[in-house]
Amino acid sequence: QVQLVESGGGLVQTGGSLRLSCAASGRAFSHYAMAWFRQVPGKEGEFVAAINWRGTMTNYADSVKGRFTISRDNAKNTVYLEMNSLNPEDTAVYYCAAEYAPFTSLTNYASTNEYHYWGQGTQVTVSS
């Protein structure tokens, strides 16, 4: 089991940058696939980015490709989301998610149903 705590959200102007962090506690963080999702009120959660257990495979939503970068530091039990060229459409609560998946990669990495563990979320607001 793993517990997740996000941080790094805030208010930023269009074109700005933010770096989100997700600190994990519990056993064997390096055996978990990690992902970021985001949600705005009244809409379903949207996949943002995913990374496999070793950090050797990453996947991105088309809407953030080229602007966002997911990475992980298994020694620090932390996954990051570097967000650049932010625009108002990126405004949402960002959630970190984890699923136990050692020595493999998740097939349905973009589905919220694939992940058992979730953080409490961090608000990102991009002003125009």
Side-chain angles (χ1 to χ4, degrees):
Q1 191 170 353
V2 64
Q3 294 79 43
L4 305 173
V5 178
E6 302 97 333
S7 62
L11 174 64
V12 64
Q13 291 185 332
T14 295
S17 299
L18 281 175
R19 187 195 197 200
L20 305 183
S21 298
C22 174
S25 60
R27 299 177 59 185
F29 171 75
S30 63
H31 288 178
Y32 285 79
M34 303 296 297
W36 289 95
F37 289 79
R38 64 188 182 187
Q39 189 171 25
V40 297
K43 293 188 177 181
E44 293 186 357
E46 177 190 13
F47 168 73
V48 176
I51 190 167
N52 72 337
W53 65 287
R54 272 203 315 178
T56 54
M57 291 185 62
T58 58
N59 293 280
Y60 298 91
D62 288 342
S63 59
V64 307
K65 205 169 292 183
R67 300 188 298 122
F68 291 12
T69 302
I70 188 171
S71 62
R72 67 189 297 161
D73 185 339
N74 285 343
K76 295 183 178 180
N77 284 10
T78 302
V79 64
Y80 304 98
L81 185 68
E82 185 76 34
M83 305 186 295
N84 298 312
S85 302
L86 286 162
N87 59 64
E89 288 69 40
D90 296 316
T91 295
V93 177
Y94 283 71
Y95 295 90
C96 175
E99 179 63 18
Y100 187 71
F103 316 117
T104 186
S105 296
L106 297 179
T107 301
N108 297 319
Y109 55 82
S111 171
T112 57
N113 294 329
E114 197 74 357
Y115 300 89
H116 280 90
Y117 305 102
W118 293 83
Q120 83 289 348
T122 185
Q123 176 71 47
V124 171
T125 303
V126 185
S127 64
S128 57

Pair Phe47, Tyr109 - check ring-ring contact (aromatic ring centres under 6.0 Å, His included), show working.
CA-CA 9 Å; Phe47 168 73; Tyr109 55 82; 5.6 Å; yes

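Residue Ser7 is tested with Cys22, Cys96, Ser21 for a side-chain contact (heavy atoms from CB on, under 4.5 Å); the sole match is Ser21.
Looking at Leu20 and Met83, their side chains come closer than 4.5 Å, going by heavy atoms from C-beta outward.
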Solution key, residues 121-128 side-chain donor-acceptor pairs under 3.5 Å, sequence neighbours excluded:
| unit_1 | atom_1 | unit_2 | atom_2 | d |
| --- | --- | --- | --- | --- |
| Thr122 | OG1 | Gly9 | N | 3.2 |
| Gln123 | NE2 | Ala92 | O | 3.4 |
| Gln123 | NE2 | Thr125 | OG1 | 3.3 |

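Asn87 and Thr14 form no side-chain donor-acceptor contact under 3.5 Å, judged by distance and modelled atom types alone.
At least one donor-acceptor pair under 3.5 Å links the side chain of Asn52 to the backbone N or O of Met57. Here the side chain of Thr56 pairs no donor or acceptor atom with the backbone of Arg54 at under 3.5 angstrom. In this structure a side-chain-to-backbone donor-acceptor pair under 3.5 Å is missing from Tyr100 to Val2. Proximity of a side-chain donor or acceptor of Asn77 to a complementary backbone N or O of Gly26 within less than 3.5 Å is not detected.
A cation-pi arrangement is present between Arg72 and Phe29, with the terminal nitrogen or guanidinium carbon under 6.0 Å from the aromatic centre and inside a 45° cone about the axis.
Other residues, nucleotides and ligands place no more than 12 heavy atoms under 6.0 Å from the NZ atom of Lys43. Residue-environment remark: CD (Gln13) stays at or below the threshold of 12 foreign heavy atoms within 6.0 Å.
Pairs passing the ring-ring contact (aromatic ring centres under 6.0 Å, His included) check and including a residue from residues 79-98, sequence neighbours excluded, do not occur.
The aromatic rings of Phe37 and Trp118 lie tilted to each other, with the angle between the two planes from 30° to 60°.
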